[in-house]
Amino acid sequence: MTAIISNNEKPAPGFVARGLVACPICAAATADHAGRALICPSGHSFDRAREGYYNLLVVQHKASRDPGDSKPMVAARRRILDAGVYAPVAEQVSARVVELARGRTDFAILDAGCGEGYYLEAIAAALKAGGPDGYRLAGIDISKWAMQAAAKRNRDIFWAVGSNKRMPFTQPCLDLIVCMFGFPVWESFAAAQPSGGHVLLVDPAPDHLIELRTIIYPTVARAEAQGSLDAAERTGYRRVEQQRVTFTIELVGRAQIADLLAMTPHDHRAPQAGRESLAAREQLTVTVDVALRLLSKP
Ligand SMILES: C[S@@+](CC[C@H](N)C(=O)[O-])C[C@H]1O[C@@H](n2cnc3c(N)ncnc32)[C@H](O)[C@@H]1O
Ligand SMILES: [Zn+2]
């Protein structure tokens, strides 16, 4: 039997092999130790978890004991995303990433706040199918629950528990940072990117989940896309593209409707009466409305 190897299957030597992963304690380059840990020259050591990720968020850099999304939030988001509910967003983002990577060698991409890894896995699949001559992928998230779920998706990606506030890289090596429904930290992004690097931001636009918000809140504000770009511009980034992706989704059954609420910040904010109205629904048609913005670092 002949094995067929696609010419496009070209993940570049990874972040670890290139000495690009920084020790979170002393910032020196770490190296792989028998596939089981990362170790820096001073002997700081970070074990590889069973699922295949590294924990690079040391206790002195944690603002709380269990930061980021909780285990139930991560599980709810995974069920919704794996059901294909947000597939058009994954397709648009992946297509744009493939275009940005085309013609490049060793294109390095980080999903900053990657959650349970659905979008980065979609990006990996798109790159494999028709991408550049070489690329490497990394995902970080501050939630260990998100990382446990993400790392199981794809062993070719460098996964780490870490914070957008402290990028675990030794050099400005990231050609593209993807930040979806997340928390960009512009100074830290800028330090991790070479000039000419891009950030692809995906944020809720004014009509995002408008039907759900109308049920749970007495009054609903149609705010502009979350996350002002002032901080990005102060750090030197320039917006070069903006695109809106809008479509409707059908949620069927109380469990799926509860999952959608659980994966959003509305779960913490919704008043009791609103929750009860939502819990009574058996079916819900909801608008997904997101803004894709591409920024570049001159
Ligand atoms: C709304 S979720 C989005 C997850 C994923 N990007 C997606 O779209 O499915 C926000 C994520 O950001 C993570 N997060 C919060 N603060 C962070 C930080 N400072 N650095 C990295 N990740 C962070 C949370 O744990 C959570 O997984
Ligand atoms: Zn060290």
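Numbering starts at 1 and runs along the sequence shown. When a ligand or atom number is given, it counts from 1 through the structure's own listing order. Just so you know, these numbers come straight off a predicted model, no measurement behind them.
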Pairs of nitrogen or oxygen atoms closer than 3.5 Å, one from Met180 and one from ligand 1: do any exist? yes

Could you identify the N, O or S atom of His44 positioned closest to the Zn ion (ligand 2)? ND1

Nearest protein heavy atom with distance in Å, relative to atom 20 (N) of ligand 1: Asn164 N, 2.8 Å

Just distances here: any N/O of Asp69 and N/O of ligand 1 closer than 3.5 Å? yes

With heavy atoms only and a cut-off of under 4.0 Å, state how Tyr119 meets ligand 1: side chain, backbone, both or neither. side chain

Closest to atom 6 (N) of ligand 1 by heavy-atom distance, out of Gly182, Gly113, Gly115, is Gly113

Specify side chain, backbone, both or neither for Phe183, according to which of its non-hydrogen atoms lie closer than 4.0 Å to ligand 1. side chain

Check whether any N or O atom of Ala146, backbone or side chain, sits under 3.5 Å from an N or O atom of ligand 1, and answer yes or no. no

The reported gap from CZ in Arg96 to CD1 in Ile123 (rounded to nearest 0.5 angstrom) is 12.5 Å

Quick one: does Ser163 get an N or O within less than 3.5 Å of an N or O on ligand 1? yes

Within a 6.0 Å radius of atom NZ on Lys165, are there more than 12 heavy atoms belonging to other residues, nucleotides or ligands? no

Which heavy atom of the protein is the closest neighbour of atom 27 (O) of ligand 1, given with residue, atom name and distance? Asp141 OD2, 2.8 Å

For ligand 1, is any non-hydrogen atom under 4.0 Å from Glu116's backbone (N, CA, C, O), its side chain (CB onward), both, or neither? neither

